[in-house]
Amino acid sequence: MSVAPVAYRWSVAEFLRAWEAGAFDHRVELVEGEVWPVVIGSWHGDTQALIAHLLWTPGVRVSSSTLDVGSTDSLPDPDCFVRRADAKPIGTRGTRLQVWDPADVYLVVEISDDSVLVDLNTKARLYGKAGYAVYWVVTREAIYEHTSPTPQGYRTRTEYRPGDRIPLPYADTTLSVDEILMHDGE
């Protein structure tokens, strides 16, 4: 009689111990107990750099570190997030990961090339449940803005296409979707 294998599910504490010990030979994130590789191609990398540049304004910091979602089995690694420059961490996970109050984080961004469904569903649920006010999923064709976080994810998702402008409330301005999506990255 054979028994189906049981997949091992990581806790945040186990994942952080392995990460801090250098057990992973590439960039990874923890999503609902599973360790996922983070793969960044040329378009993804170019778009991440462009967005980080466009999101900066006086009074904010744009970071590309792992973001705590208050979960026992998830530590997603967004492409960037924007927080108040004067915000102070409210704690740490492990010895090196700072934890930010969701009220101090203005925007979380995932650049989505091959992971669109995961970013629009699983990660939206994680970031919304954690209370992050605004979450963007940036694809080659559109930017999906998630707002009004709830314990189940986000109440509202708005799709912005080329020709549209997407709001940046923390900077009291908008950005051209064309400028974000129509760069020459491959």
Side-chain angles (χ1 to χ4, degrees), residues 27-29 31-32 34 36-69 71 74-85 87 100 102-186:
R27 190 171 160 189
V28 295
E29 63 185 337
V31 178
E32 297 182 332
E34 297 177 359
W36 292 358
V38 176
V39 180
I40 298 175
S42 295
W43 174 82
H44 186 284
D46 290 348
T47 303
Q48 179 182 4
L50 174 64
I51 287 176
H53 171 76
L54 293 173
L55 295 177
W56 184 86
T57 188
V60 304
R61 295 280 184 263
V62 180
S63 178
S64 62
S65 65
T66 299
L67 196 57
D68 184 81
V69 291
S71 169
S74 295
L75 273 178
D77 196 12
D79 291 298
C80 65
F81 65 93
V82 180
R83 64 175 168 79
R84 286 189 9 244
W100 301 99
D104 292 331
V105 176
Y106 297 128
L107 172 64
V108 178
V109 179
E110 290 283 359
I111 312 297
S112 194
D113 206 1
D114 296 326
S115 58
V116 175
L117 293 177
V118 168
D119 293 339
L120 287 173
N121 296 298
T122 304
K123 287 189 176 180
R125 187 176 62 255
L126 292 171
Y127 293 130
K129 184 178 180 179
Y132 292 103
V134 181
Y135 168 56
W136 287 2
V137 176
V138 178
T139 71
R140 291 178 186 255
E141 295 81 30
I143 300 173
Y144 299 90
E145 178 191 57
H146 299 75
T147 56
S148 302
T150 73
Q152 293 76 39
Y154 287 93
R155 185 170 292 115
T156 306
R157 179 167 73 194
T158 305
E159 182 178 327
Y160 293 89
R161 294 261 175 196
D164 294 336
R165 296 193 66 81
I166 190 165
L168 275 186
Y170 68 85
D172 196 28
T173 192
T174 61
L175 292 177
S176 164
V177 172
D178 291 321
E179 185 176 5
I180 296 168
L181 300 184
M182 303 303 189
H183 63 87
D184 61 1
E186 292 297 320

Discussion item. When you compare the side chain of Val108 with that of Leu67, does any pair of heavy atoms fall below 4.5 Å?
Written reply: yes
Worksheet item: Looking only at heavy atoms, what is the nearest atom pair of Ala142 and Leu181, with distance?
Response: N-CD1, 3.6 Å
Practice prompt. Measure across Pro102 and Gly131 and return the closest heavy-atom pair with its distance rounded to 0.1 Å.
Written response: CB-O, 3.6 Å
Worksheet item: Would you call Glu141 and Arg161 a salt bridge, using N to O less than 4.0 angstrom?
Response: no
Discussion item. Can you classify the ring geometry of Tyr106 versus Tyr170 as parallel (below 30°), tilted (30 to 60°) or perpendicular (above 60°)?
Written reply: parallel
Worksheet item: Can His44 and Asp114 be said to form a side-chain hydrogen bond (donor to acceptor under 3.5 Å, both in side chains), step by step?
Response: CA-CA 10 Å; His44 186 284; Asp114 296 326; over 6 Å; no
Item to complete: Using a 4.5 Å cut-off on heavy atoms from C-beta on, say whether the side chain of Leu54 contacts that of Glu179.
Response: yes
Fill in: Thr122 vs Val31 side-chain heavy atoms within contact, under 4.5 Å
yes
Worksheet item: Phe81 versus Ser64: any side-chain heavy-atom pair under 4.5 Å?
Response: no
Worksheet item: Between atom CD of Glu110 and atom CG of Asp77, what is the distance when rounded to the nearest 0.5 Å?
Response: 8.0 Å
Practice prompt. Drop me the distance from Leu175's CG to Asp164's CG, to the nearest 0.5 angstrom.
Written response: 12.5 Å
Worksheet item: Between Pro37 and Arg27, is any pair of side-chain heavy atoms under 4.5 Å apart?
Response: no
Worksheet item: Cut-off 3.5 Å, side chains only: do Arg155 and Ser148 have a donor facing an acceptor?
Response: no
Worksheet item: Would Leu120 and Arg157 count as a side-chain contact (heavy atoms from CB on, under 4.5 Å) if you check the C-alpha gap in whole Å, the side-chain angles of each, and the deciding distance to 0.1 Å?
Response: CA-CA 9 Å; Leu120 287 173; Arg157 179 167 73 194; 3.6 Å; yes
Fill in: Student check: side-chain heavy atoms of Glu34 and Glu29 closer than 4.5 Å
no
Worksheet item: Which heavy atom in Asp79 sits nearest to a heavy atom in Ile111, and how many Å separate them?
Response: OD2-N, 2.5 Å
Worksheet entry | Donor-acceptor pair between Glu145 and Tyr135 side chains, under 3.5 angstrom | no
Worksheet entry | Point-to-point distance, once rounded to the nearest 0.5 Å, from NE2 of His146 to OG1 of Thr156 | 10.0 Å
Worksheet item: Is Tyr132 close to Leu107 at the side-chain level, that is, under 4.5 Å between some pair of heavy atoms?
Response: no
Fill in: Residue pair Asp113, Arg140: steps toward the side-chain contact (heavy atoms from CB on, under 4.5 Å) verdict
CA-CA 7 Å; Asp113 206 1; Arg140 291 178 186 255; 3.0 Å; yes
Fill in: Check: Arg84 side chain, Asp104 main-chain N or O, donor-acceptor pair, under 3.5 Å
no
Discussion item. Minimum heavy-atom separation for Pro78 and Tyr127, please, with both atom names.
Written reply: CB-OH, 3.4 Å
Worksheet, complete the sentence: For Ile180 and Trp136 the tightest heavy-atom approach is CD1-CZ3, 4.4 Å
Practice prompt. Evaluate the criterion side-chain contact (heavy atoms from CB on, under 4.5 Å) for residue pair Val137 and Thr139; output intermediate values, then yes/no.
Written response: CA-CA 6 Å; Val137 176; Thr139 71; 4.3 Å; yes
Worksheet, complete the sentence: Rounded to the nearest 0.5 Å, the OH atom of Tyr154 sits from the OG1 atom of Thr147 at a distance of 9.0 Å
Item to complete: Find out whether Leu55 and Cys80 are in side-chain contact, i.e. whether some heavy atom of one side chain is under 4.5 Å from a heavy atom of the other.
Response: yes
Item to complete: Might you point out which heavy atoms bring Pro76 and Ser74 nearest each other, and give the distance in Å?
Response: CD-C, 3.7 Å
Worksheet item: Which distance, rounded to the nearest 0.5 Å, do you find between the OG of Ser176 and the CE of Met182?
Response: 9.0 Å
Worksheet entry | Intermediate values then yes/no, side-chain contact (heavy atoms from CB on, under 4.5 Å), Ile40 and Gln48 | CA-CA 10 Å; Ile40 298 175; Gln48 179 182 4; 4.2 Å; yes
Discussion item. What's the separation between atom CD in Glu159 and atom CD1 in Ile143, rounded to the nearest 0.5 Å?
Written reply: 10.5 Å
